[in-house]
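Presented below is the structure to which this report refers.
What you are looking at is a predicted structure, and each value in this text was computed from that prediction instead of being measured. In what follows, residues are counted from 1 in the order of the sequence shown.
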Amino acid sequence: MPDIECNLLAAEIEKSVGTGAQRPDRYVSLADYAPLARRLRWRQRWDWDARTLREEAREREGVVWSDALEAAFREHSAVRIPASLGMIYLDRPLLLGSGQALQAESGCVIRQIPGEKGSPMLMNRAGAAGVGRDRDILVEGGVWDGALNDGRGRIGLAVGSYAGALSFGRIDGLTLRGMTWRDIEGYGCQIVDATRFRVEHIRFEHTADGVHIDGPASDGVIRDLAGHTTDDPVSLTAWDWEVGSTSFGAIRRVLVEDVELQGGHTWAEIRLLAGVKRFADGTLLDCGIGECVLRRIRHIHTFKIYEQPSWYDVRDRSAGPGRLGRIFFRDILVGPFDLAGYYDRSSDALFDIGSDVELLSVRGVEYPEPPGSGGSAPYLVGIGPKSTVIPVGGVGDCNPGPFKDLFNPESCPVVDRLEIAGVRVAGRRLGADEIARLVNVRSRLPQELPVVTDMMPECSGHGTLRALECR
């Protein structure tokens, strides 16, 4: 049966994004600015060769190209890092402006010398300044190595901070292509307040979130991602925690496709986080997500579609469950995963829903093994409140102790329409009745620990599903 609505939306998104910023006819070589490069010595714990932290800091030495890059971009709009340079070091964020392009040839490694608190490696000028807007920036190639922030923890752990090794905000037209993000203690890239963005052909070699989109954002393509992350490989966060965020707002018209996750890994999951932002003066901002297509996703165990208070302070929470409009999921391969060691004790489904949804359309799901086998989630779709209570503690934790709930057990999400078709288990296609039995509408959750009753009222959350179609 033709998938007209989903395919048409995907084509419309592709057309609106366009081909991205065009490669310029001519690049200046960074090698031409070699006299401005500086040989420096510094101390750090991170061992680049072993890719591990040493107990004590050791002296390192390298050629720092920050001055040279800045000079090149003052005089030219396009700069190429030639393969002949091999490895270069940066000691501060490089800022790009409208119409500028940076290309690193194959074999180039860009290493960050972490500062006292860590910072992005690459930003755009309008995003860094918080004023104005940039247009049409292109970055291609290179291995971007964040030295794991030299063991200091995540970058951007402050209200209103950027938290990505590559951080872009207030931008219309951005292309990131053909890059590897290595040993980054933060998001691989964070894109904020953006339109017409394209992120494709990216490999992760240990980052936190891979591609992290903060609203407002619209008309984006995220394609061909693979590798190891220590948080969500793709995160569409219209509402987000204040720590590591600079803006909030709706996310619309995003295409995510060809994502190869690390099967059996905790973070083989994708997040869609809608909500309602309540500002200090009491005003509210709807931070919904709509008109999105996610397809050809491999080895995933959970799509996280629920509100979630801040890990660092649960008082930083959405003013409502958030709402998703039309969301399409196509060609999904489920990865086996044992929930016994998972941080979310309320997880029960591949599509874990705790937000309001207008339409969730799912077509083409392949289970190598029956749901629930090997400790995996027993349901295809779960709708309702969630609760996992853990002790307060950890870097940056400002919660009133001694416990916190990672979720909202009071949530009462409503799914207006759920469409599911083409579910296969171990090669056998399921009938409509079998699919329907894999949908769980969660009712009231028990309070996990009485000690937190002063922080939360008694649980009364429940889920609602208004229409279900299975084929």
Residue pair Glu269 / Asp352, side-chain heavy-atom distance below 4.5 Å: no
SB check Asp209 Arg271 (cutoff 4.0 Å): no
Asp172 backbone acceptor or donor facing Arg196 side chain under 3.5 Å: yes
Donor-acceptor contact below 3.5 Å, side chain Gln112 vs main chain Ser119: yes
Heavy-atom side-chain contact between Asp344 and Leu406 under 4.5 Å: no
Side-chain touch Ile81/Trp65, heavy atoms, less than 4.5 angstrom: no
Candidate pair Leu96 and Phe73, rule side chain to side chain contact (heavy atoms under 4.5 Å, CB included), full reasoning: CA-CA 8 Å; Leu96 300 182; Phe73 274 110; 3.6 Å; yes
Audit row: Gln22, Leu138, side chain to side chain contact (heavy atoms under 4.5 Å, CB included) steps and yes/no: CA-CA 8 Å; Gln22 298 300 302; Leu138 169 65; over 6 Å; no
Working for side chain to side chain donor-acceptor pair (under 3.5 Å), residues Thr52 and Asp47: CA-CA 5 Å; Thr52 189; Asp47 185 325; over 6 Å; no
Non-hydrogen side-chain atoms of Thr229 and Gln262 separated by less than 4.5 Å: no
Atom of Ile251, atom of Asp214 and distance for their closest heavy-atom approach: CD1-C, 4.5 Å
Residue pairs, two or more places apart or on separate chains, that pass salt bridge (Lys or Arg N to Asp or Glu O under 4.0 Å) and touch residues 325-340: Asp3-Arg330, Glu5-Arg326, Glu291-Arg326, Arg298-Asp331
Proximity of Trp181 and Tyr187 rings by center, below 6.0 Å: no
Pairwise distance CD(Gln103) to SG(Cys108) - rounded to 0.5 angstrom: 9.0 Å
Expected output: side-chain Asp231 to main-chain Trp267 donor-acceptor under 3.5 Å: no
pair Asn149-Arg154: side-chain heavy atoms closer than 4.5 Å: no
Side-chain donor or acceptor of Ser355 paired with backbone N/O of Arg323 under 3.5 Å: no
Minimum heavy-atom distance Leu324-Ala274, with the two atoms named: CD1-CB, 4.0 Å
Arg80 side, atom CZ; Glu105 side, atom CD - distance, nearest 0.5 Å: 5.5 Å
Side-chain (Asp136) to main-chain (Gly99) donor-acceptor, under 3.5 angstrom: no
Step-by-step side chain to side chain donor-acceptor pair (under 3.5 Å) determination, Ser411 to Glu307: CA-CA 8 Å; Ser411 182; Glu307 59 171 316; 3.3 Å; yes
Glu12 side, atom CD; Arg253 side, atom CZ - distance, nearest 0.5 Å: 5.5 Å
Ile213 side chain near Val199 side chain, heavy-atom distance below 4.5 Å: no
Check: Val143 main-chain N/O paired with Thr180 side-chain donor or acceptor under 3.5 Å: no
Side-chain donor or acceptor of Ser247 paired with backbone N/O of Gly215 under 3.5 Å: yes
Arg51, CZ atom: more than 12 neighbouring heavy atoms under 6.0 Å: yes
Least distance between heavy atoms, Pro114 atom then Gly146 atom: CG-O, 4.3 Å
Arg170 and Asp134, any side-chain heavy atoms less than 4.5 Å apart: no
Heavy-atom side-chain proximity of Thr266 to Tyr342 below 4.5 angstrom: yes
Euclidean distance, Leu53 CG relative to Arg152 CZ, rounded to 0.5 Å: 10.0 Å
N/O donor-acceptor pair under 3.5 Å between Trp241 side chain and Gln308 backbone: yes
CA sep, side-chain torsions, deciding dist, call: Arg203, Asp224, salt bridge (charged side-chain N to carboxylate O under 4.0 Å, His left out): CA-CA 8 Å; Arg203 296 298 176 262; Asp224 184 18; 3.0 Å; yes
Geometric class of the Phe351/Phe303 ring pair [parallel <30°, tilted 30-60°, perpendicular >60°]: parallel
Verdict with supporting geometry, Lys304 and Lys386, side chain to side chain contact (heavy atoms under 4.5 Å, CB included): CA-CA 11 Å; Lys304 304 189 296 188; Lys386 297 173 61 61; over 6 Å; no
Under 3.5 Å donor-acceptor, Arg133 side chain and Ser98 backbone: no
Partners meeting side chain to side chain donor-acceptor pair (under 3.5 Å) with Trp48 (sequence neighbours left out): Asp145
Asp91 and Arg38: CA distance, side-chain angles, deciding distance, salt bridge (charged side-chain N to carboxylate O under 4.0 Å, His left out) verdict: CA-CA 11 Å; Asp91 63 356; Arg38 299 167 293 142; 2.9 Å; yes
Leu261 to Pro233 - nearest heavy-atom pair and separation: CD2-CG, 3.5 Å
Whether over 12 other heavy atoms sit under 6.0 Å from Asp25 CG: no
For Val276 against Leu284, the heavy-atom pair lying closest together: CG1-CB, 4.1 Å
Test salt bridge (charged side-chain N to carboxylate O under 4.0 Å, His left out) applied to Asp219 and Lys15, step by step: CA-CA 9 Å; Asp219 300 292; Lys15 183 177 180 180; over 6 Å; no
Donor-acceptor contact present, side-chain Asp405 to main-chain Thr388, <3.5 Å: yes
Residue Arg45 excluded, over 12 heavy atoms near CZ under 6.0 Å: yes
Side chain to side chain contact (heavy atoms under 4.5 Å, CB included) assessment of Ser376 paired with Glu369: CA-CA 9 Å; Ser376 63; Glu369 301 174 350; over 6 Å; no
Separation between CG of Asp356 and CD1 of Ile305, rounded to the nearest 0.5 Å: 12.5 Å
Gap separating the CG atom of Leu166 from the CD1 atom of Ile191, nearest 0.5 angstrom: 9.0 Å
Minimal non-hydrogen separation, Gly382 against Ala349, with atom names: N-CB, 3.1 Å
Centroid separation Tyr89 to Trp42 less than 6.0 Å: yes
Salt bridge (charged side-chain N to carboxylate O under 4.0 Å, His left out) between Arg317 and Glu410, worked out: CA-CA 12 Å; Arg317 61 175 62 235; Glu410 299 301 310; over 6 Å; no
